[in-house]
Asker: 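This is the structure I want to talk about, given as structure tokens.
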Amino acid sequence: MIRKLRKKFILINMSLVTLVLLIVFGVLCFTNYKKYQMDSDIALNHALSEGRGSLLPRMEMGPRREKLPLNMGPLFVITMDGEGNILNIDDSGIDIDQEDAIEIAEAVLNHGEEKGLLRSYQLRYQIKKKEQGNIIAFVDASREMNGMKNLLTASALVFAGGFLAFFVISLFLSRWALNPVEKAWEQQRQFIADASHELKTPLTVILANLSILSSHQDSTIREEKRWLENTQTEATRMKELLDNLLFLARSDAMQTPVVYAAFDLSNVLWSCILPFEPLAFERDVLLEENISPEISLLGDEGQIKQLIAILLDNACKYVKPKGKITVNLEKKQEKIHLEVKNTGDVIPKEELEHLFERFYRSDKSRARKAGGYGLGLAIARTIAENHRGKIKIKSSLEEGTSVSVVFDT
């Protein structure tokens with residue numbers, strides 16, 4: 001899929017580049033051709049003008065002087081009578097005999113147009129018709145034709161070089177531009193695979209329990225209570241997983257409803273800590289709070305409670321026996337700092353940046369025993385970003401593991 005997308009990207013890019021180059025060089029060649037043609041027309045009109053006395057351009061002074069092209073080629077004029085006989089050949093630096101003049105004049109008359117280009121003779125001409133006959137002026141077009149030929153050759157070489165250069169650049173840009181897409185695609189595939197794996201376990205257990213229940217048709221509900229409770233437990237876990245997946249999916253689609261309102265974050269934090277105090281007591285863990293009073297935050301109170309619960313739940317799951325959990329909340333320089341720290345095992349530095357990835361767990365065996373899916377920190381990061389906050393995690397042997405969230409006010 002990514003390879004096809006890269007090929008399509010290159011094809012579209014090169015099509016646009018080709019179109020632009022064709023337009024640029026087409027306009028350049030066309031304007032130069034028109035310039036040559038205009039210069040020749042000026043020279044021909046000058047040669048056909050009455051009373052000039054010479055075919056060569058003259059320097060004229062004054063505001064109404066006629067501007068003649070300085071690169072005008074050699075000129076000559078053939079005067080013919082009504083029967084097509086040549087009466088006079090007026091040349092300017094060109095030696096032309098009678099036979100050549102007749103041949104050129106016949107070619108012009110056969111051409112059937114009042115002005116045009118005789119490519120075989122490399123001459124431009126213009127006819128001035130009179131009652132007594134025709135006057136045909138000619139100007140050398142070899143300079144024009146050679147100039148256009150050189151321009152077309154140079155344009156073709158520049159076009160080929162530019163096309164090749166843009167192709168190489170497109171190859172590089174396709175890799176650079178599609179790297180985030182490729183990474184997102186791989187993450188999506190991994191996300192689907194992990195979600196399928198996590199859903200497979202509770203479904204397998206539920207199906208196994210139902211199979212057992214169906215084989216004990218004569219048993220009472222009391223006798224098969226443990227299978228029913230096990231099924232309910234797995235169904236609850238699966239519902240929690242689906243709720244988490246739905247939350248992340250809606251967040252990715254920018255459809256997560258966020259109701260912003262000012263609330264007392266200090267009181268919310270105290271209310272979130274209360275349910276974890278019995279758990280900490282049972283595990284003989286010291287739960288310490290350093291919460292500054294009356295800290296207000298503008299945001300979704302429900303999502304903030306979910307964020308705090310995730311941080312406290314992780315801290316309780318992975319704290320060492322007889323360890324310590326510290327919850328800090330304070331306001332510094334118009335920023336609110338929330339930190340949950342425990343004395344758990346040190347997380348390797350290379351794994352810290354992956355902890356906010358979906359389904360990632362540094363110790364999969366411990367996480368599975370604790371009942372985690374590896375989605376908690378991913379949800380916590382999403383909630384923090386929804387509230388213009390930044391979340392980060394640190395872990396060291398001296399300080400333990402801490403997750404901090406900084407909110408802008």
Side-chain angles (χ1 to χ4, degrees), residues 180 183-184 187 191 243-276 287-318 325-342 344 347 349 351-362 372-396 399-409:
K183 183 178 179 181
Q187 289 178 344
F191 177 76
D243 289 340
N244 291 336
L245 292 175
L246 183 60
F247 178 86
L248 292 173
R250 286 177 174 173
S251 298
D252 291 342
M254 309 293 285
Q255 295 177 353
T256 304
V258 181
V259 181
Y260 289 99
F263 63 92
D264 193 327
L265 180 59
S266 302
N267 290 337
V268 168
L269 184 55
W270 279 114
S271 65
C272 291
I273 291 175
L274 287 176
F276 289 93
L287 183 57
E288 184 178 286
E289 306 91 359
N290 300 306
I291 302 174
S292 300
E294 298 181 354
I295 293 181
S296 179
L297 177 66
L298 180 65
D300 189 316
E301 184 175 342
Q303 288 193 12
I304 295 299
K305 285 182 177 180
Q306 185 180 5
L307 167 64
I308 296 171
I310 290 171
L311 300 185
L312 291 173
D313 184 57
N314 282 344
C316 291
K317 284 179 181 177
Y318 303 119
I325 298 174
T326 305
V327 180
N328 299 316
L329 178 65
E330 58 182 340
K331 190 172 184 179
K332 298 179 182 177
Q333 298 178 350
E334 303 303 322
K335 292 183 181 293
I336 299 174
H337 295 258
L338 170 64
E339 181 187 41
V340 178
K341 179 166 55 175
N342 70 353
I347 301 174
K349 188 176 181 179
E351 293 187 359
L352 288 177
E353 59 182 14
H354 298 290
L355 290 178
F356 294 103
E357 296 177 3
R358 299 169 187 182
F359 293 109
Y360 185 86
R361 289 168 292 199
S362 59
Y373 292 110
L375 293 176
L377 289 178
I379 295 175
R381 181 178 64 178
T382 301
I383 295 174
E385 292 174 350
N386 289 344
H387 291 77
R388 297 182 302 167
K390 296 181 180 179
I391 185 170
K392 60 181 179 179
I393 185 169
K394 298 185 296 182
S395 185
S396 64
E399 298 292 332
T401 301
S402 67
V403 182
S404 60
V405 186
V406 179
F407 298 102
D408 293 328
T409 58

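This chain uses plain numbering: 1 for the first residue, then up along the sequence. Note that the structure is predicted; figures quoted are calculated from it, not measured.
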Asker: What's the separation between atom OG in Ser396 and atom NZ in Lys349, rounded to the nearest 0.5 Å?
Answerer: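 Those atoms lie 11.5 Å apart.
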Asker: Of the non-hydrogen atoms in Ile291 and Val327, which two are nearest, and what is the gap between them?
Answerer: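 Closest approach of Ile291 to Val327: CG1-O, 4.4 Å.
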Asker: Hey, what do you get for CG (Asn386) to CD1 (Ile304), rounding to the nearest 0.5 Å?
Answerer: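 One gets 9.0 Å once the value is rounded to the nearest 0.5 Å.
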Asker: For a quick test of reading the model, state the closest non-hydrogen atom pair linking Asn342 to Ala315 and the distance between them.
Answerer: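 Shortest heavy-atom separation between Asn342 and Ala315 comes out as ND2-O, 3.1 Å.
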Asker: For Ser395, does its backbone N or O pair with a side-chain atom of Thr401 as donor and acceptor, under 3.5 Å?
Answerer: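 No.
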Asker: Just how far is it from atom NZ of Lys305 to atom CD1 of Ile383, taken to the nearest 0.5 Å?
Answerer: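 Here the rounded value is 13.0 Å.
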Asker: Minimum heavy-atom separation for Ala380 and Leu307, please, with both atom names.
Answerer: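 So the two residues come closest at CB-CD1, 3.4 Å.
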Asker: In Å and rounded to the nearest 0.5 Å, what is the CG to CZ distance from Leu329 to Phe407?
Answerer: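 One gets 9.0 Å once the value is rounded to the nearest 0.5 Å.
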Asker: Can you confirm whether Cys272 sits close enough to Val268 that some side-chain heavy atom of one is under 4.5 Å from a side-chain heavy atom of the other?
Answerer: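 Yes - at least one pair of side-chain heavy atoms lies under 4.5 Å apart.
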Asker: Under a 4.5 Å cut-off applied to non-hydrogen side-chain atoms, are Asn314 and Val403 in contact?
Answerer: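 Of all side-chain heavy-atom pairs linking Val403 with Asn314, none is under 4.5 Å.
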Asker: Give, for atom CG of Asp408 and atom CG of Leu298, the distance between the pair rounded to the nearest 0.5 Å.
Answerer: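 Separation between the atoms: 12.0 Å.
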Asker: With side chains defined as the heavy atoms from C-beta onward, is the minimum distance between Ile308 and Leu311 less than 4.5 Å?
Answerer: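 Ile308 vs Leu311: side chains apart.
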Asker: More than 12 foreign heavy atoms under 6.0 Å from CD of Glu330: is that the case here?
Answerer: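 Check passes, neighbour count above 12.
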Asker: Show the nearest heavy-atom pair for residues Asn290 and Glu288, with the distance to one decimal.
Answerer: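 Between these two residues, the closest heavy atoms are ND2-OE2, 3.6 Å.
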Asker: To the nearest 0.5 Å, what is the distance between CG (Asn328) and OG (Ser404)?
Answerer: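 Reported value, rounded in 0.5 Å steps: 10.5 Å.
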Asker: Looking at every non-hydrogen atom in both residues, tell me the closest pair between Phe276 and Cys316 and how far apart they are.
Answerer: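 Looks like CD2-SG, 3.8 Å.
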Asker: Could you please spell out the steps behind the side-chain contact (heavy atoms from CB on, under 4.5 Å) verdict for Leu265 and Leu338?
Answerer: CA-CA 10 Å; Leu265 180 59; Leu338 170 64; 5.6 Å; no
Asker: Could you tell me which non-hydrogen atom of Phe356 sits nearest to which non-hydrogen atom of Leu377, and how far apart they are?
Answerer: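 For Phe356 versus Leu377, the nearest heavy atoms are CD2-O, 3.4 Å.
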Asker: In the structure I gave you, are the side-chain heavy atoms of His387 and Asp300 within less than 4.5 Å of one another anywhere?
Answerer: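 Of all side-chain heavy-atom pairs linking Asp300 with His387, at least one is under 4.5 Å.
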Asker: Could you tell me whether a side-chain N or O of Ser266 sits under 3.5 Å from a main-chain N or O of Ile295, the two making a donor and an acceptor?
Answerer: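 Looks like yes, one N/O pair under 3.5 Å.
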